[in-house]
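Read the structure below first, then the notes.
One-based numbering, in listed order, for ligands and for the atoms of each. What you see is a predicted model, and the numbers here were worked out from it, not measured in a lab.
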Amino acid sequence: MEAATLKKIAVFASGRGSNFSAVLEQIKPGNIAAEVACVISDHVRPPVFDIAADHGIPTHWVSRKQFSAAEDYAGFLVGLLESYDVDLVLLAGYLKLIPSPLVKRYRYAMINIHPALLPNFGGKGFYGMKLHEAVIESGVKITGVTVHFVDEHYDKGSVILQETVKVLEDDTAESLAHRVLQVEHRVFPQVVKAFCEDKIHISNGKVIWEK
Ligand code: GRF
């Protein structure tokens, strides 16, 4: 039997990289038919680069500040991803807005994970502990995780998967973040696997999962 071709993944991340690790854990034993081609960050040396280095994955620091013109920045990123022949881009803790030429080039092939139930608690500024504090402060009883395709706006693209997490009366932002993160680590690899098996389709801008 012919072996399935491995999809090539580029990961954009700026922090500790636990979601990146969760995906790698499923790639290593062959549960996800993919390889991580590179990790890109707007930070010079984020912790996620150490995880990549441990696995022999190339890392790139690419910041808007390195370019005088916005189009040169976007063009560089598109060229970089094309040089790796990337099929799928993952945003795993990446806070910068993706330049629109890159969104256009990888439309429906760029996926973000967000630690709340979009469209609530999304958009610029809703990240990290601030987000979970806002969730607790609002009094909602349910939060969760959203995995979605990336479009030109923060946290706005077509939803691929959502899973709920109960907000408990004695939750702190930290305890809630911890339970949400556990769900993230389960569902992100699940979506990546489905994408790599060509099981995620788009119809009128909505995501349809192939059974
Ligand atoms: C996660 O909560 C993710 O949902 C959000 O940023 C955080 C990244 O955490 N977009 P990590 O770097 O994957 O540990």
Problem set entry | Name of the residue among Leu81, Leu91, Thr59 meeting side chain to side chain contact (heavy atoms under 4.5 Å, CB included) with Ile40 | Leu81
Seminar exercise, completed: closest protein heavy atom to atom 9 (O) of ligand 1 is Arg16 NH2, 3.4 Å
Exercise. Any idea which protein heavy atom is nearest atom 12 (O) of ligand 1, and the distance to it?
Worked result: Gly17 N, 2.8 Å
Exercise. Any nitrogen or oxygen of Gly15, main chain or side chain, under 3.5 Å from a nitrogen or oxygen of ligand 1?
Worked result: no
Exercise. Among Tyr94, Tyr106, Trp61, which residue meets the ring pair (Phe, Tyr, Trp, His ring centres under 6.0 Å) test with Phe12?
Worked result: Tyr94
Problem set entry | Heavy-atom nearest neighbour in the protein, as seen from atom 2 (O) of ligand 1, with distance rounded to 0.1 Å | Glu184 OE2, 2.9 Å
For this session: Could you say whether the N/O atoms of Ser18 and ligand 1 ever approach to under 3.5 Å?
Result: yes
Exercise. Where is the nearest protein heavy atom to atom 8 (C) of ligand 1: which residue, which atom, and how far?
Worked result: Gly93 CA, 3.6 Å
Exercise. So do Ile111 and Phe188 actually touch side chain to side chain, heavy atoms under 4.5 Å?
Worked result: yes
Exercise. Just wondering, do Asn19 and His185 contact through their side chains at under 4.5 Å, heavy atoms?
Worked result: yes
Problem set entry | Between His60 and Phe49, ring centroids under 6.0 Å | no
Problem set entry | Contact check, Ala13 vs ligand 1, heavy-atom distance below 4.0 Å | no
Exercise. Can you tell which of Arg64, Lys65, Lys96 makes a salt bridge (Lys or Arg N to Asp or Glu O under 4.0 Å) with Asp42?
Worked result: Lys96
For this session: Indicate yes or no: does an N/O atom of Phe20 lie under 3.5 Å from an N/O atom of ligand 1?
Result: no
For this session: Tell me, with the steps shown, if Arg179 and Asp171 meet salt bridge (Lys or Arg N to Asp or Glu O under 4.0 Å).
Result: CA-CA 10 Å; Arg179 288 203 315 287; Asp171 258 330; 2.7 Å; yes
Seminar exercise, completed: Looking only at protein heavy atoms, what sits closest to atom 5 (C) of ligand 1 is Ile113 O, 3.7 Å
